[in-house]
Amino acid sequence: GFDIDGGYNYIYLNDSANTITLTGAGFGVVDGTNFTNFYAVELRGGADIATINTGGSLLGTLSGGDGTDTLNLNSGANALSINSALIGTAAGTYISGFESINLADGNDAAEFIFNDISTQAVAPRQSLTIDGGLGTDSIVLNLTPSEVAYLKAQGTFSALKTFLANPTGLSRTVALSSIDLTLT
């Protein structure tokens with residue numbers, strides 16, 4: 001119930017379930033406390049929920065940290081770009097470590113960039129769920145030739161192509177070599 005001016009520092013939260021909403025450039029509300037002039041936020045452990053409202057952003061990274069974390073985007077037309085290590089950008093803010101991303105009600109563009117299988121040997125397998133919400137969203141999967149071969153070997157490549165051609169009202173889970181991706 002009070003304001004904190006960070007002078008462009010970082011916010012590190014505890015391992016509880018935290019809630020943060022970015023409402024402007026470097027400011028917002030975290031667990032009921034207003035903050036201004038912060039550069040980056042790390043949610044750490046717990047099942048955290050982060051929301052980026054229209055105009056909300058950070059110059060640094062909004063990190064989900066450990067735990068199972070959800071990112072909610074505003075109802076505008078958002079752009080999401082994320083790789084198989086769950087690092088990327090969402091609504092103009094650098095993000096990392098979110099296992100569930102809700103694109104909300106706008107006409108959003110989501111791009112997933114998958115690294116070559118050979119570079120994923122040391123990384124733990126990740127799980128990512130994307131919900132397009134209402135609106136007309138575009139999905140681009142940038143798969144390497146080795147990832148396509150992996151999907152074909154599983155017999156799931158044609159089902160993924162069918163889903164991407166007509167995803168209306170459907171959900172599809174795809175086991176890639178380095179990530180389990182669920183698209184709704």
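None of the values given here were measured: they were computed from a predicted structure. When reading the values below, keep in mind they use all heavy atoms of this one structure, side chains included, and skip hydrogens, waters and symmetry mates.
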I would like to know whether V174 and L183 meet side chain to side chain contact (heavy atoms under 4.5 Å, CB included); could you show each step before the answer?
CA-CA 8 Å; V174 181; L183 301 168; 5.7 Å; no
Would L181 and L176 count as a side chain to side chain contact (heavy atoms under 4.5 Å, CB included) here? Give the steps.
CA-CA 7 Å; L181 175 65; L176 297 144; 4.0 Å; yes
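By the 4.5 Å heavy-atom criterion applied to side chains, F112 and L143 are not counted as neighbours. Considering only heavy atoms from C-beta on, T19 stays 4.5 Å or farther from V30 through its side chain.
Atom-to-atom distance recorded for I130:CD1 and I82:CD1 is 6.0 Å, nearest 0.5 angstrom.
Applying the side-chain contact (heavy atoms from CB on, under 4.5 Å) criterion to N142, with sequence neighbours excluded, gives E111, I113, V140. Taking D180 as the reference, R125 meet the side-chain hydrogen bond (donor to acceptor under 3.5 Å, both in side chains) condition, with sequence neighbours excluded. Scored by the salt bridge (charged side-chain N to carboxylate O under 4.0 Å, His left out) test, D105 finds no partners at all (sequence neighbours excluded).
Ring planes of F38 and F35: perpendicular class, angle over 60° (limits at 30 and 60°).
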Side-chain donor-acceptor pairs of residues 41-56 under 3.5 Å, sequence neighbours excluded:
residue, atom, partner, partner atom, Å
D48, OD1, N18, N, 2.7
D48, OD1, N18, ND2, 3.4

Under 3.5 Å donor-acceptor pairs involving side-chain atoms of residues 155-162, not counting sequence neighbours:
residue, atom, partner, partner atom, Å
T156, OG1, L151, O, 3.4
T162, OG1, S158, O, 3.0

Quiz: residues 85-104 side-chain donor-acceptor pairs under 3.5 angstrom, not counting sequence neighbours:
residue, atom, partner, partner atom, Å
T93, OG1, L58, N, 3.4
S96, OG, S63, OG, 3.4
E99, OE1, D69, N, 2.7
N102, ND2, N72, OD1, 2.6

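N166 and L170 get closest at one heavy-atom pair: O-CD1, 3.5 Å.
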